[in-house]
Number of protein chains: 2
Amino acid sequence: MTTLKDIAKLAGVSIASVSYVINGNKQLSEETTKRINEAIAQTNFTPHSLAKSLRMGKTLTIGVLVEDIRGMPIADIVNGIEENLEEHGYQMILSDLHMLEKLYNQYDQIADYKTYINNSVQQMLRSHVDGIIYVGLHDRHIDNIINPIGIPFVYAYSHGSKHDHYVSYNNIDGAMDAVNYLIKHGHREIAILAGHPDSFPTHQRMEGFITSLNHADLPIRDDYFFYGDWEYPSGFEQMKNILALPNRPTAIFVMNDLMAAGCINSAQESGLKIPLDLSIIGFDNREIASYLPVPLTTIQVPNREIGYESAKMLLELTEGNTVEYNAIILPCNLIERASVASILS
Amino acid sequence: MTTLKDIAKLAGVSIASVSYVINGNKQLSEETTKRINEAIAQTNFTPHSLAKSLRMGKTLTIGVLVEDIRGMPIADIVNGIEENLEEHGYQMILSDLHMLEKLYNQYDQIADYKTYINNSVQQMLRSHVDGIIYVGLHDRHIDNIINPIGIPFVYAYSHGSKHDHYVSYNNIDGAMDAVNYLIKHGHREIAILAGHPDSFPTHQRMEGFITSLNHADLPIRDDYFFYGDWEYPSGFEQMKNILALPNRPTAIFVMNDLMAAGCINSAQESGLKIPLDLSIIGFDNREIASYLPVPLTTIQVPNREIGYESAKMLLELTEGNTVEYNAIILPCNLIERASVASILS
DNA sequence: TGCTTATGGTTAATCGTTTAACCAATAAAG
DNA sequence: CTTTATTGGTTAAACGATTAACCATAAGCA
């Protein structure tokens, strides 16, 4: 490893001078600047980041805490974060909270659950990251993070509490877009298959659904509300109930693609033609949406952008700058495929 | 931030003593040990990792270079790596080569492509990681990594060249398991839908296919060979050709789940009943396999284990130990679902 | 001529650890 | 009663950078 010392000797100057020309923090004579640069070029020297960080108190590294890297939106977000970091010469330390779900489901282990999260945070702090991004879907985890931690912290995807920094997406508008799209295609009897009743996205998307119906002066029908648990089988099963309805809807807004996949497969198994007999719109634009027997029209969440923007916000904060908004809500957009038919006469 | 110095003052000893009791590198009297430990407990002191790393020349951090974190097998592998690292108190710096595909497809940019990869490697080296794991599917990328780099390097998933360290999975046996499973269920006319003809997995899985047929004394029929490009549409299209065959096979071994999904949807669209009219077996066990109209029987690649074992191997190497095998090939296993029917009379 | 001010560079302290080398005091050995 | 080990601790030199403080020398100015 070549160090400042080596360069200094080679160029016949002090290490301070070398440091100064590298960082451009002081005017040196053209002559010596040149000699030093030549020496650097000769040895393909690169400053020792640890030493630099130790001295400067900044690591140019941020910590990324993810609930489970294997989930699609998470990986997309991380990808977006990466892109921004790379542009700014930062690096990321990734920490996966893969034990989280397991611990959460063991009721006697709430304490372990809390300490698990905080150990991960502490571990990041020990690495002297300049900031942390928490990437997660489950708002319930967030309360368990002990704040403040002394360095900038931003939530990506999940909303933080009121005073936190976060960047997320617009669930309400997204749902409205979906429902408006159905309405635009002539549907007036629209059912909804919601996610888990307790979850935050369920509430928001529900709000969008109702708002859209109201705007269009469409009635809110109790018998058109169905609930699942975000998973495929619940979509598959609930579809049977929907089909058993005396007044079958012409379209259904399903709150995520996994359940929508269940719906489509279930409906086809019952001999229904999608979208002729029933239109379906999903949410999330997961990979699976393109690969269903009938490609799913759905709402795309801007995952990469969420990652990108959260990193941007975090870096602003680490540089000590204030940030214009401490919450950014990005818009979704609708991906038109083949699962919605027009029933305008 | 509390430092050794603070602890030392608090306990009335030198910083050396504090360091010694923390690391247990020297016997100190019970008395002072106790005083020091108390001081540490009081201040919840934790040693400054940068300073430690600088002094010791070890960062307890490894670099993970991924082709694209958004791909499923990659994320699974990273998850496995994480698990092992966590057990050993290591951390990972993640670097995503998300520009790789784009650069690869621009023929005039081969040079950029090469430097892109090596810049990423150099960037890791600048962070003084103790080792690097390359997680990738595409063997073609690997040649572009300039080796040796002076620190341990292991490939996960993709095979390296003959002398490299890598951990991968057994394509040949996996394919044989798939085909043997079909044979066991009475199939004698088995077609194959292969991946991209140039790719390494295609060759290996093909070898498994042929070996299995030979073992069972089944003929190798030229008209039963089909090629796709690993993507869904190629499965969808090729299925039409398969169905147009004068002597339609009773089963088909599809080299990945994405193409298999295309096959299933295509077949159903043509009015075929899967698996009654045609059995299909896939490879990869991607998420989609469970969510198809007919759940796909397929071969599971042990992705998390690949990650786990590659990390294990790398850590061995970074500790300066020799490693028993410098290549580990893990077995796949078959996931039985509903896309293969028995046609034993 | 003297006084101030640039200009171009060096010295040395510092960031927070680890650890070889040293030292004093006590115990063991001859 | 020396000599030699052992025990328990300290001092100070690294690791490789940054940067405030300093110091010549030359230039500018009255």
Side-chain angles (χ1 to χ4, degrees), chain A residues 1-40 43-61 89 91 122 125-130 150-151, chain B residues 1-40 43-61 89 91 125-130 150-151 319:
Chain A
M1 261 236 29
T2 41
T3 70
L4 278 194
K5 215 167 165 184
D6 302 324
I7 304 292
K9 193 179 298 175
L10 233 142
V13 294
S14 73
I15 63 168
S17 300
V18 181
S19 173
Y20 283 129
V21 340
I22 287 175
N23 299 299
N25 291 337
K26 204 170 185 181
Q27 264 290 32
L28 294 206
S29 78
E30 208 173 311
E31 158 65 12
T32 39
T33 303
K34 189 171 148 239
R35 266 218 321 287
I36 290 173
N37 278 327
E38 276 168 359
I40 291 174
T43 56
N44 78 330
F45 161 81
T46 140
H48 194 297
S49 62
L50 293 176
K52 184 165 186 163
S53 295
L54 175 60
R55 177 57 222 250
M56 307 265 279
K58 226 169 165 303
T59 52
L60 299 185
T61 300
Q91 291 203 290
Q122 293 303 321
L125 293 179
R126 269 196 290 276
S127 305
H128 296 265
V129 294
D130 296 332
I151 55 173
Chain B
M1 259 236 29
T2 41
T3 69
L4 277 193
K5 212 167 166 182
D6 303 323
I7 304 293
K9 192 180 298 176
L10 234 143
V13 294
S14 73
I15 63 169
S17 299
V18 181
S19 173
Y20 283 131
V21 340
I22 286 174
N23 300 297
N25 291 336
K26 203 169 184 182
Q27 262 291 30
L28 294 207
S29 79
E30 206 171 312
E31 160 64 12
T32 38
T33 303
K34 187 170 149 239
R35 265 215 323 286
I36 291 174
N37 278 327
E38 276 167 359
I40 292 175
T43 56
N44 78 330
F45 161 81
T46 139
H48 193 298
S49 62
L50 292 177
K52 183 163 183 163
S53 294
L54 175 60
R55 177 58 222 246
M56 307 265 279
K58 228 171 164 304
T59 52
L60 299 184
T61 300
Q91 291 201 291
L125 293 179
R126 270 196 291 278
S127 305
H128 296 265
V129 294
D130 296 333
I151 55 173
E319 315 266 335

What are the two closest non-hydrogen atoms of [X] and [Y], and how far apart are they?
X	Y	result
B:S14	B:A8	C-CB, 3.8 Å
A:M1	A:D6	O-OD2, 3.6 Å
B:K5	B:I15	CA-CG2, 3.6 Å
B:L4	B:F45	N-CE1, 3.7 Å

I need the [atom1]-[atom2] distance between [X] and [N], as an integer number of Å.
X	N	atom1	atom2	result
A:R126	C:dG16	CZ	C1'	16 Å
B:L60	C:dT17	CG	P	15 Å
A:I36	C:dT10	CD1	C1'	12 Å
A:K26	C:dG9	NZ	P	10 Å
A:K52	D:dA17	NZ	P	10 Å
B:N23	C:dA20	CG	C1'	15 Å
A:R55	D:dC15	CZ	P	18 Å
A:L28	C:dG8	CG	C1'	7 Å

Check: Could you give the angle between the helix axes at the two ends of the helix from C:dT1-D:dA30 to C:dG30-D:dC1, with five pairs per end, rounded to 10 degrees?
Finding: 60°

Note to self: Within the supplied structure, the quantity of interest is the number of heavy atoms (other residues, nucleotides, ligands) at a distance under 6.0 Å from A:Q27 CD; does it exceed 12?
What the structure shows: no

Margin query: Taking NZ in B:K58 as the centre, count heavy atoms belonging to other residues, nucleotides or ligands within less than 6.0 Å. Is the count above 12?
Written below: yes

Notebook entry, point to check: Would one find a side-chain N or O of A:T32 under 4.0 angstrom from OP1 or OP2 of C:dG9?
Noted result: yes

Next item on the list: Return no unless some side-chain N or O of B:N25 is found under 4.0 Å from OP1 or OP2 of C:dT18.
Entry: no

Next item on the list: Evaluate side-chain contact (heavy atoms from CB on, under 4.5 Å) for B:S53 paired with B:H128, printing each intermediate quantity in order.
Entry: CA-CA 9 Å; B:S53 294; B:H128 296 265; over 6 Å; no

What's [X] touching, base or sugar-phosphate or nothing? Going by heavy atoms closer than 4.0 Å.
X	result
A:S49	nothing
A:L50	nothing
B:T3	sugar-phosphate

Among the nucleotides [options], which one has an atom lying closest to any side-chain atom of [X]?
X	options	result
A:P47	D:dA17, C:dT19, D:dT19	D:dA17
A:S29	D:dT10, C:dG8, D:dT19	C:dG8
B:A51	C:dT17, C:dG9, D:dT18	C:dT17
A:V13	D:dT10, C:dT10, C:dT18	C:dT10

Next item on the list: Answer with yes or no whether A:Y20 presents, from its side chain, a donor or acceptor under 3.5 Å of a partner atom in the base of D:dA17.
Entry: no

Margin query: If you assign B:S17 and A:T33 each to the DNA chain C nucleotide with the nearest heavy atom, which residue ends up on the more 5' nucleotide?
Written below: A:T33

Notebook entry, point to check: Hey, which of A:V13, A:I7, A:I40, A:L28 is the one that makes side-chain contact (heavy atoms from CB on, under 4.5 Å) with A:R35?
Noted result: A:V13

